[in-house]
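Since the structure comes first, as structure tokens, the remarks are kept for the end.
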Amino acid sequence: MTEYRAAIVVGASSGIGREIVRQLAARGCRVAAVARRADRLAELAAEDPDRILAFSHDVTDYDAVPGLFQEIAHRLGGLDLVVYASGAMPEVGAHEYDFAKDRPMIEVNVLGAIAWLNQAAIRFENTKRGTIVGIGSVAGDRGRCGQPVYNASKACLATYLEALRNRLARHGVRVVTIKPGPVQSEMTAHLHLKGAMPAAEAARRILAKSGKTGEHYLKLGHRVAFYIIKRIPSPIFRRLKV
Ligand SMILES: NC(=O)c1ccc[n+]([C@@H]2O[C@H](COP(=O)([O-])OP(=O)(O)OC[C@H]3O[C@@H](n4cnc5c(N)ncnc54)[C@H](OP(=O)(O)O)[C@@H]3O)[C@@H](O)[C@H]2O)c1
């Protein structure tokens, strides 16, 4: 498994991001934990004060990102991994078209990712090394009835990351897209998902897969299933009502 010395995790106050911070710190990595909830971040940093640094930040404050990125890299004394895990997925009814709910999904899942990962790309292209990890979703593989804008946000993120990967591969930089299926977290608690993966297990698999540039599902079954699902013709997919 790839060892990292200094990392930024954006979306670190709960769920998958928080578990990634814990597991990186346990392996000796210094980690900047970024999210809005300062109390949660302070609790996390208290678990390993020598290795976990808390930075309270709203990813929709796009103008603040370049300065904060530089400050964090300076405080960490280097940087070899940036993980973008921030995400929003409000409940959306089957007949609901509410721009107020749709907007934060694009602002957090897409624009926040671009603001942070552009900074990572600039730095790693110059240093000729580094790993960028974006947490996408299987939900981005098709436009489904249930969550039109969440699906669209994750599809956009996946395409942006693919383009970064194609730009940065020649500079020795890894760009990793992770497409989890259901994971137990605050985002999904109200859905009572059957068979959802514990967040700590998802984090373990994400870090294991971060060593290989490309797009990764967390389970072989998902890789096979979505290979097929992506190829179902639209007129048939529409009738499935998924
Ligand atoms: N759970 C699943 O089944 C599942 C499946 C596939 C993909 N994913 C993706 O995995 C990622 C992590 O989600 P999770 O399941 O771990 O959910 P979670 O526990 O709700 O974590 C979401 C994280 O995003 C942060 N965030 C939200 N809005 C933010 C903002 N404006 N500024 C900064 N940070 C913000 C939250 O921190 P604050 O609220 O403190 O800011 C929190 O740390 C997301 O991208 C999600 O789309 C989840």
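In this text, all values refer to a predicted model and were calculated from it rather than measured experimentally. First listed ligand is number 1; within each ligand, the first listed atom is number 1.
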Under 4.0 angstrom from ligand 1, any heavy atom of Ala12?
-> yes
Is it true that Gly136 lies under 4.0 Å from ligand 1, counting heavy atoms only?
-> yes
Return the residue, atom name and 0.1 Å-rounded distance of the protein heavy atom closest to [atom].
| atom | result |
| --- | --- |
| atom 47 (O) of ligand 1 | Tyr150 OH, 2.6 Å |
| atom 21 (O) of ligand 1 | Ser14 OG, 3.3 Å |
| atom 20 (O) of ligand 1 | Met187 N, 3.4 Å |
| atom 39 (O) of ligand 1 | Arg36 NH2, 2.9 Å |
| atom 43 (O) of ligand 1 | Ser13 OG, 2.9 Å |
| atom 34 (N) of ligand 1 | Ser86 OG, 3.0 Å |

Are any of the side-chain heavy atoms of [X] and [Y] separated by less than 4.5 Å?
| X | Y | answer |
| --- | --- | --- |
| Met89 | Leu191 | yes |
| Ile8 | Phe69 | yes |
| Pro180 | Ile135 | yes |

For [atom], which candidate among [options] holds the nearest heavy atom?
| atom | options | answer |
| --- | --- | --- |
| atom 5 (C) of ligand 1 | Pro182, Ala35, Gly181, Ser185 | Gly181 |
| atom 22 (C) of ligand 1 | Gly87, Pro180, Gly17, Gly15 | Gly87 |
| atom 31 (N) of ligand 1 | Leu191, Asp58, Val34 | Asp58 |

Are Glu186 and Arg40 within salt-bridge range, i.e. N to O under 4.0 Å?
-> yes
Side chains of Thr177 and Arg165, donor plus acceptor under 3.5 Å = yes
Counting only heavy atoms, which portion of Val108 has something under 4.0 Å from ligand 1: side chain, backbone, both, or neither?
-> side chain
